[in-house]
Student: 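A single structure is presented below for examination.
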2 protein chains.
Amino acid sequence: MRKIGLNSTRENILQFIHGFIDERGYSPTVRDILKGCDISSTAVVQYHLDVLEKEGRIHRDPEIFRSIRLSEKKGSVMVPVLGTIAAGSPIPVPNSDNWSNQAVDTLELPQDMVGKKPVFALKVKGQSMIDALIDDGDIVLMEAADSAANGEMVAVWLKDREEVTLKRFFADKDKVILQPANQTMKPIEQRADNVEIQGKVIGVIRKL
Amino acid sequence: MRKIGLNSTRENILQFIHGFIDERGYSPTVRDILKGCDISSTAVVQYHLDVLEKEGRIHRDPEIFRSIRLSEKKGSVMVPVLGTIAAGSPIPVPNSDNWSNQAVDTLELPQDMVGKKPVFALKVKGQSMIDALIDDGDIVLMEAADSAANGEMVAVWLKDREEVTLKRFFADKDKVILQPANQTMKPIEQRADNVEIQGKVIGVIRKL
DNA sequence: CCTTTTATAGAACGAATGTACCACATTGTC
DNA sequence: GACAATGTGGTACATTCGTTCTATAAAAGG
């Protein structure tokens with residue numbers, strides 16, 4: 001396994017801060033983070049903290065020790081964006097608790113958008129999901145699942161095509177009908193053992 | 001020069017810490033408390049913090065800045081002990097929110113001992129309540145009230161005697177019967193307009 | 001009264017810590 | 001490739017801040 005892409009350290013720092021506060025009840029110092037994240041310079045920590053604050057994900061008071069506060073408001077949930085989804089690339093289904101570790105980004109959402117169950121998000125790459133009215137750059141909110149009720153929007157892995165798409169799901173005997181959200185497009189019929197449900201889509205977010 | 005009774009500063013400090021954390025999201029320093037409570041030496045603050053920690057009302061980590069944590073556990077309620085009650089001294093009935101300000105002590109109680117309504121406590125001075133089976137040093141848990149149902153234990157102010165006692169309350173037409181908890185003692189009959197209910201007793205705590 | 005406990009002051013030491021500055025590596029873009 | 005944007009290292013300064021020491025006053029106990 002690897003750490004694809006970009007800024008794992010920054011997410012790591014955020015994760016560490018969260019854990020530190022959870023454990024100790026107060027914020028870590030720059031040097032606490034340094035040790036906790038295996039960074040070898042306070043400047044690096046300072047740099048990432050600056051970015052995190054500029055992004056509004058933490059708050060600090062200048063020259064006040066241990067003044068870092070996470071901006072996870074009460075009634076809000078932080079949803080980890082685990083990576084990107086595109087046709088041809090299987091979704092890296094998360095395993096329980098180390099989600100936020102590998103998250104490349106984080107979303108803050110009001111509680112009512114997510115249920116009680118753990119939720120993750122994926123950024124859509126390319127127009128491959130366009131038939132489900134999902135454009136490039138959109139973010140799909142997902143809930144891990146390996147089955148679905150009829151009519152639910154799911155991310156399915158088509159074994160023969162080696163492709164992932166978002167479709168509305170209908171079971172029909174030993175077959176499965178995948179209906180694009182776009183009505184002008186025809187549904188796809190698949191054998192049940194050819195489709196593998198990756199998760200239920202519980203929301204789509206488009207930032208403009 | 002000033003300050004009436006005993007240790008209002010210590011309670012004041014605790015109150016200040018609570019407010020500070022509430023406002024800023026992190027603990028105050030010794031010098032924050034110094035300024036916030038009009039104390040003129042860090043040693044004084046240090047002294048009171050030591051006591052508070054020894055009493056288990058706060059937690060600190062040595063040599064770590066802003067590491068004060070309040071030990072108000074979830075599911076517990078902090079009940080202010082407003083003062084002492086003794087025959088002859090009227091109860092200082094609290095007005096809403098500035099209770100904890102004038103509190104001389106604080107009790108931590110499990111939630112089920114108190115209802116949803118605000119509750120305060122009084123320390124009993126002397127044996128004047130002995131006929132209600134309440135000894136010197138006991139603590140009575142009270143809920144502010146100006147009326148009571150028959151059979152409830154209340155703190156009543158007898159106007160003519162200028163005296164406060166704890167008795168079981170029974171209304172009888174325009175008269176009121178005050179029955180000591182101790183059955184061997186005779187009930188007192190009073191005219192209704194002579195008694196003034198200060199609060200209902202909802203519990204007694206005896207520390208041995 | 002005298003002694004002990006509790007509370008308040010003032011000052012200072014030294015460690016903890018936010019911050020700034022500089023150099024360098026990596027990556028992305030045109 | 002060249003240049004900018006981004007991420008990493010190293011170091012050092014100036015405060016911030018916990019802690020300790022000593023002295024004095026006020027209250028409590030006997």
Side-chain angles (χ1 to χ4, degrees), chain A residues 2-17 20-21 24-55 57-69 84 104-105 125, chain B residues 1-17 20-21 24-55 57-69 83-84 104-105 123 125-126 136-137:
Chain A
R2 67 300 91 128
K3 48 180 60 178
I4 356 159
L6 343 157
N7 48 351
S8 74
T9 24
R10 192 143 66 225
E11 300 305 324
N12 207 24
I13 287 177
L14 203 58
Q15 162 82 10
F16 175 78
I17 295 174
F20 192 100
I21 295 179
R24 313 265 298 256
Y26 47 83
S27 296
T29 65
V30 171
R31 287 166 182 82
D32 284 331
I33 299 173
L34 180 143
K35 291 164 198 155
C37 297
D38 284 317
I39 300 173
S40 52
S41 173
T42 61
V44 176
V45 178
Q46 200 79 47
Y47 167 67
H48 286 293
L49 290 181
D50 286 343
V51 176
L52 285 172
E53 184 165 35
K54 200 156 295 179
E55 291 177 350
R57 308 188 32 199
I58 64 172
H59 293 284
R60 286 181 301 169
D61 287 349
E63 299 178 7
I64 291 189
F65 303 161
R66 299 183 182 278
S67 65
I68 300 176
R69 285 142 293 160
T84 58
V104 297
D105 202 356
K125 187 83 174 179
Chain B
M1 40 181 193
R2 36 47 199 304
K3 302 298 185 192
I4 7 158
L6 340 160
N7 50 350
S8 75
T9 24
R10 191 142 66 229
E11 301 305 324
N12 207 24
I13 287 177
L14 202 57
Q15 162 82 7
F16 174 78
I17 295 174
F20 191 99
I21 295 179
R24 314 265 298 257
Y26 48 82
S27 297
T29 66
V30 171
R31 289 169 180 80
D32 285 331
I33 299 173
L34 181 143
K35 291 165 198 154
C37 297
D38 283 316
I39 300 173
S40 52
S41 174
T42 61
V44 176
V45 179
Q46 199 81 47
Y47 166 68
H48 286 292
L49 290 181
D50 286 342
V51 176
L52 285 172
E53 184 165 36
K54 200 155 296 176
E55 291 177 350
R57 307 184 38 198
I58 64 172
H59 293 283
R60 286 182 299 170
D61 288 348
E63 298 179 7
I64 290 188
F65 303 160
R66 301 182 183 278
S67 65
I68 301 176
R69 285 143 290 160
T84 58
V104 298
D105 202 357
K123 191 164 191 171
K125 186 83 174 178
D136 176 277

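Chain identifiers are assigned alphabetically (A, B, ...) following the order of the sequence lines, protein sequences preceding nucleic acid strands; residue numbering begins at 1 within each chain.
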Student: What distance do His48(B) atom NE2 and Ile39(B) atom CD1 have between them, rounded to the nearest 0.5 Å?
Tutor: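 Going from NE2 on His48(B) over to CD1 on Ile39(B), the span is 6.0 Å.
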Student: Where the side chain of Asp32(A) meets the backbone of Thr29(A), is there a donor-acceptor pair that is under 3.5 Å apart?
Tutor: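 Answer holds: yes.
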Student: Where the side chain of Gln46(B) is concerned, which of dT19(D), dA7(C), dT16(D) is the nearest nucleotide?
Tutor: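 For the Gln46(B) side chain, the nearest candidate turns out to be dT19(D).
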Student: Under 3.5 Å, is there any donor-acceptor pair linking the side chain of Arg31(B) to the base of dG18(D)?
Tutor: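 Such a pair is found, so the answer is yes.
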Student: Which residue, Val51(A), Leu49(A), Leu52(A), forms the side-chain contact (heavy atoms from CB on, under 4.5 Å) with Arg57(A)?
Tutor: Leu52(A)
Student: Closest approach to the side chain of Thr9(B), judged atom by atom: which nucleotide of dT19(D), dT8(C), dG10(C) is it?
Tutor: dT8(C)
Student: Out of dT8(D), dA7(C), dA12(C), which nucleotide sits closest to the side chain of Arg10(B)?
Tutor: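 For Arg10(B), the side-chain atoms sit closest to dA7(C).
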Student: Measure from CZ on Phe65(A) to P on dA14(D) and round the result to the nearest Å.
Tutor: 14 Å
Student: So, is Arg60(A) near the phosphate of dG18(C), with a side-chain N or O under 4.0 Å from OP1 or OP2?
Tutor: no
Student: Measure from OH on Tyr26(A) to C1' on dC17(D) and round the result to the nearest Å.
Tutor: 14 Å
Student: Check whether any side-chain N or O of Arg69(A) sits under 3.5 Å from a backbone N or O of Ser27(A) as a donor-acceptor pair, and report yes or no.
Tutor: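 Such a contact is absent between Arg69(A) side chain and Ser27(A) backbone.
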Student: Any idea which of dC21(C), dT19(D), dA9(C) is nearest the Ser40(B) side chain?
Tutor: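 Out of dC21(C), dT19(D), dA9(C), the nucleotide with an atom closest to Ser40(B)'s side chain is dA9(C).
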Student: Side chain of Arg66(A), backbone of Phe65(B): donor and acceptor closer than 3.5 Å?
Tutor: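 Flag set: sc Arg66(A) to bb Phe65(B) pair under 3.5 Å.
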Student: In whole angstrom, what separates Glu53(B)'s CD from dG18(D)'s C1'?
Tutor: 12 Å
Student: Leu34(B) CG to dA7(C) P: how many Å, rounded?
Tutor: 17 Å
Student: When the nearest nucleotide of DNA chain D is assigned to Ser41(A) and to Tyr47(A) on a heavy-atom basis, which residue is associated with the more 5' position?
Tutor: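 Nearest-nucleotide comparison on DNA chain D picks Tyr47(A).
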Student: Looking at dT8(D), dT17(C), dT19(C), which one has an atom nearest to any side-chain atom of Pro62(A)?
Tutor: dT19(C)
Student: Ile33(B) CD1 to dG18(D) C1': how many Å, rounded?
Tutor: 12 Å
Student: What's the CD1-P distance between Ile68(B) and dC17(D), to the nearest Å?
Tutor: 12 Å
Student: Is the base of dA11(C) touched by the side chain of Thr42(B) through a donor-acceptor pair closer than 3.5 angstrom?
Tutor: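 Indeed there is one.
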Student: Would you say His48(B) reaches dT8(C)'s phosphate, i.e. side-chain N/O to OP1/OP2 under 4.0 Å?
Tutor: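 Indeed, a polar side-chain atom of His48(B) lies that close.
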Student: Can you check the Arg66(B) CZ to dA16(C) C1' distance for me, whole Å?
Tutor: 12 Å
Student: Using heavy-atom distances to pick each residue's nearest nucleotide on DNA chain C, tell me which of Val44(B) and Glu63(B) is more 5'.
Tutor: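 Of the two residues, Val44(B) wins.
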Student: Could you tell me the separation between the CG atom of Asp38(A) and the P atom of dG7(D), rounded to a whole number of Å?
Tutor: 19 Å
